[in-house]
Structures are given as structure tokens and as C-alpha cells.
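Along the sequence shown, residues are numbered consecutively beginning with 1. Every value quoted in this text rests on a predicted model; they were computed, and no experiment measured them.
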Amino acid sequence: MVGNLLRTSFVLLLAFLSFGQPAAWAGPLDPEALASSYRTIVGLWAHNDPRSVDELVRFESSVISDKDPRTRERLHKAEQTVISEVAGVDLEVLVPLSVLHQEAYRHYTAHGGIGTAQVATHDRTLALDLALLYKKHVGTPEASALASRLIARLASVSSDSFQAAKLFQLASESDSKNGVALLGLATVFEKSGSYPDAVAVLERLRALDPEHPGKYPEATLRLALCLDRLDRRAEAIKLLAPLAEAPPTPWIGLLAAQELARIEQEARHPERAEKVLRAALLRYPRSARLTLQLASTLDARGAQQEARSVLESLAEIGADSQDDSRYRYNRLSQDLFDDADQVVEPAANQRLATLASSLASNSIPAAAAQDGVAR
């Protein structure tokens with residue numbers, strides 16, 4: 001009785017996932033065949049079969065066409081049927097199902113290709129909806145925190161800055177203490193030139209732990225550079241100096257020193273810039289960029305002979321293959337991936353047995369389950 005009520009209730013809740021009334025369209029596969037194929041793929045995923053994501057990509061790509069949006073509606077309806085069945089047994093299966101569609105979306109962002117826009121959007125949207133459903137209907141603080149990581153993980157692989165910002169915002173709303181979601185949102189704002197918005201988010205992030213504002217050193221670095229772009233130079237210097245003097249990580253310390261020296265030189269304080277650069281070169285002696293900056297600073301304060309001597313040392317230094325600081329700064333932080341993966345992957349794996357059990361309670365003949373799955 002209770003199980004039937006839960007199943008019925010969840011069918012109604014899945015209207016949240018609906019695209020509206022499906023179009024009347026006669027395609028090569030009927031709804032039962034599509035649902036059967038999807039159920040088989042979910043079964044592979046539930047048993048940790050390495051073929052599952054590839055099978056999902058092949059299956060959905062063969063059904064959804066960019067030229068006909070009705071194909072997406074039809075597939076969505078079929079997948080929704082299976083999701084309703086298994087989630088009606090246990091809502092926890094929404095977690096591994098969200099991750100399954102995240103992995104398919106990751107495939108499309110990595111490989112792309114002509115004719116994949118609709119199917120990529122389908123997987124991103126479905127992964128998000130499943131995370132939001134889990135948060136809403138499980139309703140515990142733990143569910144909200146996990147949903148936040150699910151959404152942040154989805155955002156971190158998004159190739160669209162607008163969508164990434166939307167997803168990071170949703171992740172931070174699901175869990176206000178999810179600092180890496182805020183860092184991701186601020187990074188997207190910064191990359192799009194929305195510096196006031198980035199500053200607001202970064203200050204909110206640093207306020208999460210007022211006793212340890214340096215808990216997120218990358219956030220401090222980004223805040224300083226955004227403040228500098230807004231002509232709030234004194235505040236930027238105040239934030240950069242500790243990062244340059246006591247680097248929390250090498251790439252952040254190196255970039256902080258470079259930017260602090262640049263700001264000081266632009267403010268016509270070459271002697272301060274020189275001090276920063278000489279201290280930084282003791283830590284990063286093979287940095288060609290720091291060496292060039294030092295030569296420029298020496299030249300600016302009239303020490304041309306010393307500047308030439310520093311430039312001559314570049315031939316011995318060469319390029320530092322380990323200096324990837326600017327490359328790392330210009331991309332979403334690896335912390336975004338690591339934080340989400342460390343939470344999401346174990347959580348999804350722990351629920352695979354539940355997903356398998358839910359599928360078994362809604363089993364169909366094995367032969368029918370094979371229909372429509374690419375081999």
C-alpha cells in the first residue's frame with residue numbers, strides 16, 4: 001500500500017521533469033522500446049558496467065535529432081517512465097541517475113560534434129532536474145548538501161559560461177556553505193568581465209569563515225585582481241601582499257607576486273616593485289616572467305646597466321615548463337572538480353545497489369530489455 005502510494009506520488013512529482021504534452025509523432029521506435037533500452041542501460045550503470053555511459057551516449061544520439069525537437073520530447077518521456085518506476089521504490093536512486101547523465105554530458109562537452117546540441121542539452125537538463133528533485137523531496141540538510149555538489153559537478157564541466165553561472169548559483173542556493181560553488185560562480189563572472197558581481201560573490205565566500213578569510217586562497221587572489229580592475233588599488237595590494245610573502249600554493253604565490261609588482265610599478269613605486277620581485281625570485285628562480293619584470297622595474301628607476309645584466313641572465317633561465325600559473329588562473333579551479341568528485345562519486349557508488357534493487361522490483365523480460373541498445 002505504502003509502496004504504491006509512493007510510486008503514484010512520484011509519478012506526479014516527475015511532472016517537474018516534463019517538457020509538456022508530447023507531440024504526436026510516429027518514429028522508428030515506440031515508447032515501450034525506448035523505455036526498455038534505457039532501462040537496460042540503467043541496469044548496466046547499476047552494476048558498475050564500464051559500457052554504461054558509452055551505451056547511453058550511443059542510444060540517445062541515435063534517437064535525438066537537432067533537426068526535430070520532438071525526438072527529444074519522445075526520449076524524455078520514455079526515460080521519465082523508467083525514472084518514475086525506480087524512484088518510486090527509493091528516492092536515493094536519483095543520485096546515481098543524475099551522475100549517469102552528467103557523465104553523458106561530460107562526453108559531449110569533451111567531444112562535441114555536429115548534431116549533438118539537443119542531446120547534450122537533454123543530458124545536462126535531466127542531470128540537473130534529478131539533483132533538484134532529490135533535494136526537494138528528500139528534504140534533509142544532507143540531501144541539500146549532496147544536491148549542491150551534484151550541481152556544482154555539472155557546472156564544472158559546462159562549456160557554456162551562462163549555463164555554468166546558472167548552475168553554480170543553483171549549487172550555492174542548495175547549500176549556502178558550499179564555498180567552491182561560490183568560487184566557480186565568481187570565476188564565471190570574472191571571465192565575463194562582470195567584476196562587481198565577482199567581487200560580491202568572493203566577499204560572500206570569504207565571509208563564510210570570518211576567522212579564516214584565507215581559507216580559499218584562490219578566492220583572495222581573484223578578489224584582489226577584480227578590485228584592481230575596479231581601481232580599488234589599495235585594497236588589492238593589501239590582499240596580494242600576504243599571498244606573495246607566504247604563498248599558500250606555488251602557482252598562487254607566483255601570480256600574486258607578479259600582479260603585486262605590476263600594480264606597484266603602475267603606481268610609480270618601482271622600488272616597492274623591485275622588493276617584491278627580488279623576494280619572489282628567491283622562491284621561483286626560473287621564472288622568466290619575474291625576471292623580465294625585474295629588468296623593467298630596474299630600467300624604470302634608472303638602473304639601466306643592472307637591467308641589462310638581469311636580461312642577459314634570461315638565456316640561462318630559459319622557459320619554466322612548470323609555470324602554469326596563468327593557465328590555471330584562466331580556467332575553472334581544479335578544486336571545483338575535486339571537491340564535487342570527492343563527495344559525489346562515493347555517494348553515487350553507495351547507491352548503485354539500491355538502484356539495482358529498484359530495477360529488479362520493476363523487472364521486464366530480458367529479451368525486451370535488449371531492444372534498441374547499440375552494440
Side-chain angles (χ1 to χ4, degrees), residues 183 186-187 189-191 193-196 198-199 202-203 205-206 212-335:
L183 178 58
T187 303
F189 280 145
E190 181 188 3
K191 287 167 66 67
S194 301
Y195 303 125
V199 167
L202 290 166
E203 288 178 338
L205 169 56
R206 283 164 54 84
H212 304 92
K215 182 178 179 180
Y216 297 96
E218 184 177 336
T220 303
L221 177 63
R222 291 187 181 279
L223 177 58
L225 297 189
C226 287
L227 290 171
D228 177 56
R229 295 181 184 112
L230 294 172
D231 295 323
R232 294 164 63 177
R233 182 170 292 165
E235 295 171 80
I237 290 173
K238 187 176 180 180
L239 291 171
L240 286 172
L243 293 178
E245 293 168 4
T249 58
W251 80 268
I252 289 177
L254 178 56
L255 195 52
Q258 292 170 4
E259 293 299 318
L260 179 58
R262 175 189 60 77
I263 292 171
E264 294 287 16
Q265 188 165 347
E266 288 177 356
R268 299 184 180 181
H269 296 298
E271 70 288 347
R272 297 180 190 174
E274 179 184 353
K275 182 179 179 180
V276 171
L277 292 166
R278 289 193 183 279
L281 279 165
L282 294 175
R283 296 189 184 91
Y284 314 104
R286 292 186 55 77
S287 173
R289 189 181 293 270
L290 285 174
T291 304
L292 283 169
Q293 280 187 271
L294 178 58
S296 175
T297 300
L298 291 169
D299 184 67
R301 72 173 182 81
Q304 282 81 18
Q305 185 172 348
E306 191 174 0
R308 283 195 296 271
S309 177
V310 169
L311 283 174
E312 289 170 359
S313 69
L314 276 174
E316 299 176 8
I317 294 173
D320 185 0
S321 60
Q322 295 183 336
D323 181 6
D324 62 349
S325 56
R326 291 188 180 274
Y327 172 80
R328 294 181 66 166
Y329 186 85
N330 288 326
R331 297 173 65 84
L332 287 172
S333 172
Q334 184 61 37
D335 290 345

Original post:
Given side chains that start at C-beta, do those of L230 and P196 come closer than 4.5 Å, heavy atoms only?
Top reply: yes

Original post:
Could you go step by step and tell me if Q258 and S287 meet the side-chain contact (heavy atoms from CB on, under 4.5 Å) rule?
Top reply: CA-CA 10 Å; Q258 292 170 4; S287 173; 4.1 Å; yes

**OP:** Check whether the side chains of Q265 and T297 place a donor and an acceptor atom closer than 3.5 Å, and report yes or no.
**Re:** yes

Original post:
What's the spacing between R301 CZ and R272 CZ if we round to 0.5 Å?
Top reply: 14.5 Å

Original post:
Step by step, would you call E266 with R262 a salt bridge (Lys or Arg N to Asp or Glu O under 4.0 Å)?
Top reply: CA-CA 6 Å; E266 288 177 356; R262 175 189 60 77; 3.1 Å; yes

Original post:
Are E312 and R308 close enough, and set up right, to give a salt bridge (Lys or Arg N to Asp or Glu O under 4.0 Å), and what steps lead you there?
Top reply: CA-CA 6 Å; E312 289 170 359; R308 283 195 296 271; 6.0 Å; no

Original post:
When rounded to the nearest 0.5 angstrom, what is the spacing between CG in L332 and NZ in K191?
Top reply: 6.5 Å

Subject >> 4.5 Å side-chain heavy-atom contact, I252 and P247 >> reply: no

Subject >> Atom of L260, atom of A241 and distance for their closest heavy-atom approach >> reply: CD2-CA, 3.8 Å

Original post:
Could you give the distance from CG (D228) to CD (E259), rounded to the nearest 0.5 Å?
Top reply: 7.5 Å

**OP:** Could you tell me whether the side chain of L183 reaches within less than 4.5 Å of the side chain of T187, counting heavy atoms only?
**Re:** yes

**OP:** For residues A198 and C226, report the shortest heavy-atom separation together with the two atoms involved.
**Re:** CB-SG, 3.9 Å

Subject >> Distance (rounded to the nearest 0.5 Å) between L239 CG and R222 CZ >> reply: 14.5 Å

Original post:
Under 3.5 Å, is there a donor-acceptor pair between the side chain of Y216 and the main chain of L202?
Top reply: no

Subject >> Closest non-hydrogen atom pair between P217 and P248, with its separation >> reply: CB-CG, 3.4 Å

**OP:** With rounding to the nearest 0.5 Å, note down the distance linking CG in L254 to CG in L243.
**Re:** 12.0 Å

Original post:
Is any side-chain heavy atom of L292 less than 4.5 Å from a side-chain heavy atom of L311?
Top reply: yes

Subject >> Considering all heavy atoms, the nearest A307-A295 contact >> reply: CB-O, 3.4 Å

Original post:
Measuring from L227:CG to K238:NZ, what's the distance to the nearest 0.5 Å?
Top reply: 11.5 Å

**OP:** Let me see the working for T220 and L240 under side-chain contact (heavy atoms from CB on, under 4.5 Å), right down to the final yes or no.
**Re:** CA-CA 8 Å; T220 303; L240 286 172; over 6 Å; no

Original post:
Between A236 and A224, what is the shortest heavy-atom contact and its length?
Top reply: CB-O, 3.2 Å

Original post:
With a 4.5 Å heavy-atom cut-off, do R326 and R289 have their side chains touching?
Top reply: yes

**OP:** For the pair E245 and R283, evaluate salt bridge (Lys or Arg N to Asp or Glu O under 4.0 Å) and give the outcome as yes or no after the intermediate values.
**Re:** CA-CA 10 Å; E245 293 168 4; R283 296 189 184 91; over 6 Å; no

Original post:
Is the CZ atom of R278 crowded by more than 12 outside heavy atoms at less than 6.0 Å?
Top reply: yes

Subject >> Working for side-chain contact (heavy atoms from CB on, under 4.5 Å), residues Y329 and E190 >> reply: CA-CA 11 Å; Y329 186 85; E190 181 188 3; 2.3 Å; yes

